[in-house]
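In this chain, numbering begins with 1 at the start of the sequence shown.
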Amino acid sequence: MSSNKPSRKPHTFQFRGKQLQASDSLFFIIALLCLLPIISSPVALILGFTLASFGFVPTKLNIAAATKKLLAYSIIGLGFGIHLDQAIAASTQGFGLIVGSIFFTLTFGWFLTKALRLEQKTGHLIASGTAICGGSAIAAVAPAINARDDQTSLALATVFVLNSIALFIFPAIGHLLEMSQHAFGTWAAIAIHDTSSVVGAAGAYGDEALRTATTIKLARALWIVPIAFLSALLFKGDNKKIGIPYFILFYCLAIVFAHFVPSLENIYSHIFVASKRLLVVCLFLIGSGITIQKLRASGLKPLLLGVLLWVAIGVGSLSYILLNVA
């Protein structure tokens, strides 16, 4: 006997003109909780990954675009908490290490790609992400060398996995070796891929480490443009498709503005704290974009290449820093 009762439909609500499931409210509640100090960067990443695994991530929202914007805003905000003289000193002292690590990683990546018989463009994208700044570098280099979507996805998945691991193991290693705040910040900026994970790991270690890591990391990120241009020439791609990370410019302007208008120092400190919490939300959103399917799709060879490059640059830079950086 059939029932005349209408079937129950999931409750929905509107968000910026888009219809969302009521169950997606859990996603937004946890995202807001990430603004509170009770949730650390690694925990936020795990929460995002867990929600993605159980299907609680809104499919009708462009999470990747939101993450990109929020990350840019948080980085600019951090600029208000960094002193100009410290930024200049950190960038100058780390210049040789930045340049050396970038070209070592790209060269070593080329040889490893050949040895592993991996697709050349996939290998170059992974090497570029490891050498400069993870997903941002991959996103800039991919169109410049006319990489396919699957090649770009493999490189991004590989970098995301290693970024997730870095958030946990880097602070632990730093404490184990009793590294100073400055030394750890330098190491994190050189050896961790994405800016979000660099700032997340350094922030967990301490404010001084955070300031050092952010400054050196963004000085390193400036190499996106020349590396993307050289990549276009190497692969005979389109150098007109090179993306320029403008948020780095605004980050520098924030440092300069705070230096020349010191009367607002109290406001700058609040912006700095708020930006740190916003970054935790970014890591939650990044975690929500990592799924078991993406991890499986990365395959063994791309992941092996990423791990070998990561270990090489991580161990190499750590050895140098322990010997030369106070």
Inter-residue atom distance [X].[atom1] - [Y].[atom2], 0.5 Å rounding:
{"X": "L279", "Y": "S74", "atom1": "CG", "atom2": "OG", "value": "4.5 Å"}
{"X": "C252", "Y": "L84", "atom1": "SG", "atom2": "CG", "value": "9.5 Å"}
{"X": "F28", "Y": "I30", "atom1": "CZ", "atom2": "CD1", "value": "12.0 Å"}
{"X": "K121", "Y": "L234", "atom1": "NZ", "atom2": "CG", "value": "10.5 Å"}
{"X": "M179", "Y": "I173", "atom1": "CE", "atom2": "CD1", "value": "9.5 Å"}
{"X": "I126", "Y": "T105", "atom1": "CD1", "atom2": "OG1", "value": "13.0 Å"}

Under 3.5 Å donor-acceptor, [X] side chain and [Y] backbone:
{"X": "K217", "Y": "I132", "answer": "yes"}
{"X": "W187", "Y": "G314", "answer": "yes"}
{"X": "N163", "Y": "S197", "answer": "no"}
{"X": "T214", "Y": "R211", "answer": "no"}
{"X": "W110", "Y": "H124", "answer": "no"}

Nearest non-hydrogen partners of [X] and [Y], listed with the distance:
{"X": "F184", "Y": "A201", "value": "CE2-O, 3.7 Å"}
{"X": "I313", "Y": "S101", "value": "CD1-CB, 3.4 Å"}
{"X": "F168", "Y": "S164", "value": "CD1-O, 3.2 Å"}
{"X": "K301", "Y": "L118", "value": "CB-CD1, 4.0 Å"}
{"X": "G81", "Y": "F272", "value": "CA-CD1, 3.5 Å"}
{"X": "I145", "Y": "L125", "value": "CD1-CD2, 4.0 Å"}

Point to revise | Pairs satisfying side-chain hydrogen bond (donor to acceptor under 3.5 Å, both in side chains), at least one member in residues 272-289, at least two apart | key: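 Listed by first then second residue: D207-K276.
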
Transitively linked via ILVMFWY side-chain contacts under 4.5 Å: [X] with [Y]?
{"X": "F260", "Y": "I271", "result": "no"}
{"X": "I29", "Y": "L285", "result": "yes"}
{"X": "V273", "Y": "L33", "result": "no"}
{"X": "F103", "Y": "V311", "result": "yes"}
{"X": "F80", "Y": "I255", "result": "no"}

Non-hydrogen side-chain atoms of [X] and [Y] separated by less than 4.5 Å:
{"X": "N266", "Y": "S269", "answer": "yes"}
{"X": "W310", "Y": "I165", "answer": "yes"}
{"X": "S128", "Y": "L106", "answer": "yes"}
{"X": "T122", "Y": "R148", "answer": "no"}
{"X": "W223", "Y": "V99", "answer": "yes"}
{"X": "L97", "Y": "I190", "answer": "yes"}
{"X": "L35", "Y": "V280", "answer": "no"}
{"X": "L47", "Y": "F27", "answer": "no"}

Exercise for review: Begin from the C-alpha positions of L177 and L318 and carry the test side chain to side chain contact (heavy atoms under 4.5 Å, CB included) through to its verdict.
Suggested key: CA-CA 10 Å; L177 297 177; L318 178 61; 3.9 Å; yes

Check your understanding: Got more than 12 heavy atoms from elsewhere within 6.0 Å of CD, Q120?
Key ->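 Atom CD in Q120 is packed in, count exceeds 12.
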
Exercise for review: Apply side chain to side chain contact (heavy atoms under 4.5 Å, CB included) to C133 and R220, showing your working.
Suggested key: CA-CA 8 Å; C133 57; R220 183 179 165 201; over 6 Å; no

Check your understanding: Does the gap between the ring centers of Y73 and F250 come in under 6.0 Å?
Key ->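 Not close enough - the centres of the two rings lie 6.0 Å or further apart.
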
Check your understanding: After noting the C-alpha distance and the side-chain angles of Y205 and F170, does the key distance pass the side chain to side chain contact (heavy atoms under 4.5 Å, CB included) rule?
Key -> CA-CA 9 Å; Y205 203 78; F170 268 66; over 6 Å; no

Check your understanding: With under 30° as parallel and over 60° as perpendicular, where do the rings of Y268 and F257 fit, or are they tilted in between?
Key ->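 Answer is perpendicular, since the angle exceeds 60°.
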
Practice item. Apply the test side chain to side chain contact (heavy atoms under 4.5 Å, CB included) to residues L309 and F104: give CA-CA distance (whole Å), side-chain angles for both, the deciding distance (0.1 Å), then the verdict. Key: CA-CA 10 Å; L309 286 174; F104 166 78; over 6 Å; no

